[in-house]
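Have a look at the structure below, then the notes.
If you're wondering where the values come from, they're calculated on a predicted model, not measured in any experiment. Here is the naming used below: chain letters follow the sequence lines, and residue numbers restart at 1 for every chain.
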Amino acid sequence: MYHILEKTIQSAFREKVRSTFGSDADITLEQPRQTSFGEVALPIAFQLARALKQNPKKIAADLVEAVGPIPGVAAMEIAGNGYINIRFDRGAYGAALLNSVAAEAVDSDEKIIVEHTNINPNKAAHIGHLRNAVLGDTFVRMLRAVGNKVEVQNYIDNTGVQVADVVVGFHFLEHKTPAEVAALIAENRFDYLCWDLYARTSQYYKDNPEALKWRAETLHSIEAGHGALSELGHLVANAIVKAHLATMLRLGIEYDVLPRESEILHLKFWASAFELLKERKAIYFEEEGKNKGCWVMPASAFRGSDEANEDSKVIVRSNGTVTYVGKDIAYQLWKFGLLGKDFYYEPHTTYADGHQVWASTAVPQAGPTPKFGGGATVYNVIDVRQSYLQDVVVAGLNALGYNHQADQSIHFSYEMVALSKRCCADLGIPLTPEDMEKPYVEVSGRKGLGVKADDLMDQLIDTALREVASRHAEDTPEQQRAIATEIAMGALRYFLLKFTRTTVIAFDFQEALSFEGETGPYIQYATVRARNILRKLTERGEAIPDFGAELNAEAMAAQLGDEDAWQILLAASKAEAAVERAIASGEPAHVARYAFQLAQSFNNFYHQFPILIEPDRNRKVFLLWMTSFFARQLERTLAILGIAAPAYM
RNA sequence: GGGCACGUAGCUCAGUUGGAUAGAGCGUCCGCCUCCUAAGCGGAAGGUCGGCAGUUCGAAUCUGCCCGUGCCCA
């Protein structure tokens with residue numbers, strides 16, 4: 001509702017600014033410094049003052065005169081040196097909220113692809129991976145909430161160095177056969193086992209550099225697709241992908257399709273992309289210099305036109321192997337439906353809600369399978385350290401002449417999750433003097449340095465469970481655990497979302513395990529309270545009023561004359577505006593912050609207005625409507641954040 | 001050496017794209033459970049928005065130069 005009125009005001013002014021002053025300046029809306037100034041402020045007169053060489057105050061007055069009455073607006077006043085302050089018609093506003101039945105949903109046929117998670121399938125997921133997945137998943141929920149068609153992809157690099165290294169560990173260090181590894185997979189926490197083995201193998205390379213030949217041998221075997229090493233590679237990657245899906249499902253994160261690198265290889269995606277790149281002269285064969293014998297992309301393609309830097313990017317090495325970027329260009333082309341090729345798909349996993357995840361396969365399937373890829377816009381959720389490579393991929397699209405798709409290929413970047421020094425101390429990680437100088441310590445899978453996702457979730461659940469058990473001792477352990485899990489996961493998702501994407505999260509247990517203040521549970525608690533009021537009402541034998549019948553614009557106006565009630569309702573009605581703003585800025589943190597403010601508003605309301613014992617019938621009906629409106633807004637916003645609203649707390 | 005970020009209260013962070021008196025949580029101090037759940041609420045203290053210059057009606061926000069930190073590319 002709020003953003004609809006915003007747009008009405010905006011367009012009314014835009015039109016008059018154009019017709020009266022011949023300017024098509026942007027109409028920016030602000031929130032007045034003081035709530036007593038009104039609901040919306042326009043500084044447009046200042047923007048026009050310079051060009052028109054007129055007093056802003058006069059411009060503002062002329063403009064207000066020209067615009068005339070706007071539906072939904074009660075008053076416009078000139079304030080300060082030329083601010084236009086706008087007051088809403090409270091009765092009309094309240095009545096509109098009362099009648100709004102999940103408006104809009106600007107349906108679009110265009111598909112948006114969001115790729116996230118993309119964890120190397122060679123070890124357990126850690127907190128850095130969680131940030132990726134939670135950011136990606138929340139952004140997907142935001143896009144879907146406003147009516148977009150979204151496809152969620154989780155790319156699986158099942159033929160890469162990292163998988164090879166774990167295979168090296170099993171085969172050369174542990175002397176395990178595929179059958180033995182299969183047996184290990186059947187046991188518990190294979191992903192944890194690999195976590196340690198990967199670190200051990202990495203250390204072994206360090207001490208015995210000649211062992212790197214094992215890695216090369218393994219990579220060749222995996223690429224060729226036969227032999228014990230290849231078999232081990234598939235066993236490891238498939239088992240770890242399963243573990244990752246299970247880990248992410250704990251946080252309510254689901255995928256639509258898992259495109260795998262093995263199929264990119266077998267279906268010769270790269271060969272098609274290579275031909276395209278050569279044909280369109282996006283890359284060239286280097287005849288001399290250090291990159292002699294390589295196919296390279298000229299630096300000018302991705303570094304602006306600065307001639308200063310001569311460093312071109314190698315796409316195909318002189319030994320004929322393609323770099324990671326090369327494969328990524330092929331994959332990106334496929335995402336836009338530009339490759340002229342497609343995967344085959346087979347069912348991978350079915351979630352409890354019936355939702356099916358598909359995985360790519362090189363084998364044609366008998367029955368009908370869905371189509372994936374061919375998006376109009378592609379978001380790649382990848383951490384900021386990959387910026388350079390992402391630029392090269394986009395440059396590849398541009399060099400091929402796909403400028404529009406290049407613009408629609410968005411690196412949804414975010415800063416890493418590091419470990420605070422206190423966190424390292426908690427984990428018993430010894431810090432070098434070098435580390436002590438730094439503000440935080442970088443997570444390293446290679447060193448086995450990090451907080452495992454499942455460990456963290458378990459710890460959060462334990463902490464929440466102690467609290468739930470002390471508050472609801474009468475409940476069964478299963479019930480307590482279910483509630484504690486919802487609270488723990490809510491806390492974790494909120495913790496990862498409240499920071500903007502450019503902020504490095506220095507992970508700290510004390511902060512992450514907190515359930516008070518600006519946290520997920522704070523918002524959940526407000527939601528539980530709102531619903532409790534309505535539940536208590538029916539428990540007392542009273543019916544929830546028919547708000548549509550008992551309230552109208554007049555009644556709303558009377559009740560909303562109360563300044564506090566009005567401000568609280570106004571805040572509660574801005575959910576859609578907050579989501580739109582967050583999508584425009586690509587910042588899920590804005591939704592998270594709004595959810596917190598919404599909960600604060602509700603708590604404010606809760607403490608200020610006793611509802612069930614309110615003697616005045618009209619007022620009580622109004623307060624109950626406010627309560628149900630809050631409950632709905634909180635539930636919606638939590639759903640967008642992927643946070644559950646527990647039955648009780 | 002080049003590129004990209006960041007620097008705001010004791011700590012951790014927001015700041016709606018240049019607007020009116022810079023906000024929140026944590027921590028500290030004081031207060032509130034006879035009342036819909038205290039995972040809550042109210043109040044207090046706490047700031048040279050890294051520094052200097054510039055752009056203009058107006059700068060935490062834009063530009064330049066410094067200082068400091070992180071990441072990436074050679």
Side-chain angles (χ1 to χ4, degrees), chain A residues 6 26 28-34 37 41-47 49-50 55-56 79-83 85 290 299 302-304 306 308-311 313 383-392 413 415-416 418 420 437-440 442 464 467-468 470-472 487 490-491 498-506 508 510-511 514-526 528-537 539-540 574 577-578 580-582 584-585 587 589-590 592-594 596-597 599-600 602-604 606-614 623-624 627 646 648-649:
Chain A
E6 265 189 334
D26 267 356
T28 52
L29 300 186
E30 293 167 10
Q31 241 179 88
R33 189 82 222 131
Q34 292 175 28
F37 289 169
L42 290 152
I44 180 66
F46 297 112
Q47 293 166 46
R50 194 178 324 164
N55 182 348
N81 289 324
Y83 271 100
N85 289 334
K290 62 176 176 177
F302 55 93
R303 289 229 169 153
D306 278 14
N309 257 296
E310 294 285 319
D311 298 321
K313 180 70 196 169
D383 80 64
V384 72
R385 290 170 290 189
Q386 304 287 324
S387 294
Y388 173 73
L389 295 176
Q390 285 290 302
D391 285 350
V392 177
S413 72
E415 269 290 357
M416 63 180 167
S420 70
E437 297 293 314
K438 297 191 166 189
Y440 43 71
E442 204 170 338
E467 190 68 29
V468 174
S470 76
R471 288 165 187 244
H472 304 281
I487 293 167
K498 72 177 184 182
F499 301 96
T500 53
R501 293 193 280 128
T502 53
T503 300
V504 177
I505 300 180
D508 185 282
Q510 200 166 313
E511 267 179 67
S514 165
F515 296 151
E516 289 168 16
E518 198 199 335
T519 64
Y522 176 94
I523 306 164
Q524 292 174 312
Y525 190 60
V528 167
R529 280 176 145 181
R531 292 197 302 211
N532 271 353
I533 294 173
L534 300 171
R535 189 171 48 78
K536 281 267 162 73
L537 182 79
E539 277 175 13
R540 291 178 182 202
K574 291 180 179 177
E580 280 198 359
R581 204 159 40 81
S585 60
E587 199 55 91
H590 291 161
R593 295 248 165 204
Y594 172 75
F596 176 62
Q597 284 165 23
Q600 275 184 317
F602 176 75
N603 279 328
N604 206 330
Y606 183 91
H607 281 274
Q608 209 172 329
F609 300 94
I611 298 159
L612 295 180
I613 55 166
E614 170 61 48
L623 292 175
L624 282 169
T627 307
Y648 60 85
M649 281 177 79

Problem - A:Asn532 and A:Arg529: side chain donor to acceptor below 3.5 Å - result: no
Practice task
Check every strand shown and say whether A:Arg471 touches a base, only sugar-phosphate, or nothing at a heavy-atom separation below 4.0 Å.
Solution key: base
Practice task
Quick one: label A:Phe596 by what it contacts on the DNA or RNA (base, sugar-phosphate, nothing), any heavy atom closer than 4.0 Å.
Solution key: sugar-phosphate
Problem - From B:C35, B:A20, B:C36, nucleotide with atom closest to A:Ile613 side chain - result: B:C35
Exercise for the section: Using a 4.0 Å heavy-atom cut-off across all strands, classify A:Phe37 as base, sugar-phosphate, or nothing. Expected result: base
Handout entry: OP1 or OP2 of B:C72 under 4.0 Å from side-chain N/O of A:Tyr388
Key = no
Handout entry: Listed nucleotide nearest any side-chain atom of A:Asn603, set B:C57, B:C41, B:A38
Key = B:C41
Problem - A:Val384/A:Met416 under side chain to side chain contact (heavy atoms under 4.5 Å, CB included): CA gap, chis, key distance, verdict - result: CA-CA 7 Å; A:Val384 72; A:Met416 63 180 167; over 6 Å; no
Exercise for the section: Starting at atom CD of A:Glu516, determine the distance to atom C1' of B:U37, rounded to an integer number of angstrom. Expected result: 14 Å
Fill in the blank from the handout: From the candidates B:A38, B:C72, B:A20, the one with an atom nearest any side-chain atom of A:Arg385 is B:C72
Problem - Side-chain H-bond candidate by donor/acceptor type, A:Asn603 with A:Tyr525, under 3.5 Å - result: no
Exercise for the section: Establish, with yes or no, whether the OP1 or OP2 oxygen of B:A24 is under 4.0 angstrom from a side-chain nitrogen or oxygen of A:Arg593. Expected result: no
Practice task
Answer yes or no: does a side-chain N or O of A:Gln31 lie under 4.0 Å from OP1 or OP2 of B:G15?
Solution key: no
Exercise for the section: Evaluate the side-chain proximity of A:Met649 to A:Arg471: yes if any heavy-atom separation is below 4.5 Å, no if none is. Expected result: no
Exercise for the section: Describe the nucleic acid contact of A:Phe46 in one word from base, sugar-phosphate, nothing, applying a heavy-atom distance below 4.0 Å. Expected result: base
Handout entry: OP1 or OP2 of B:U17 under 4.0 Å from side-chain N/O of A:Arg581
Key = no
Handout entry: Distance test, side-chain N/O of A:Tyr522 to OP1/OP2 of B:A24, below 4.0 Å
Key = no
Exercise for the section: Pick base, sugar-phosphate or nothing for A:Tyr594, based on heavy-atom distances below 4.0 Å to the nucleic acid. Expected result: nothing
Fill in the blank from the handout: Stems field, RNA chain B, Watson-Crick or wobble, 3.5 Å, at least 3 pairs, by first number, holds B:1-7 with B:67-73, B:10-13 with B:23-26, B:28-32 with B:40-44, B:50-54 with B:62-66
Practice task
Would you indicate what A:Val384 reaches in the nucleic acid, counting non-hydrogen atoms under 4.0 angstrom: base, sugar-phosphate, or nothing?
Solution key: nothing
Exercise for the section: With heavy atoms under 4.0 Å as the rule, sort A:Ser387 into base, sugar-phosphate or nothing. Expected result: nothing
Handout entry: Phosphate-side-chain proximity, A:Lys536 and B:U37, N/O vs OP1/OP2 below 4.0 Å
Key = yes
Exercise for the section: Would you mind classifying the nucleic acid contact of A:Gln386 as base, sugar-phosphate or nothing, using non-hydrogen atoms under 4.0 angstrom? Expected result: nothing
Exercise for the section: Pick base, sugar-phosphate or nothing for A:Phe515, based on heavy-atom distances below 4.0 Å to the nucleic acid. Expected result: base
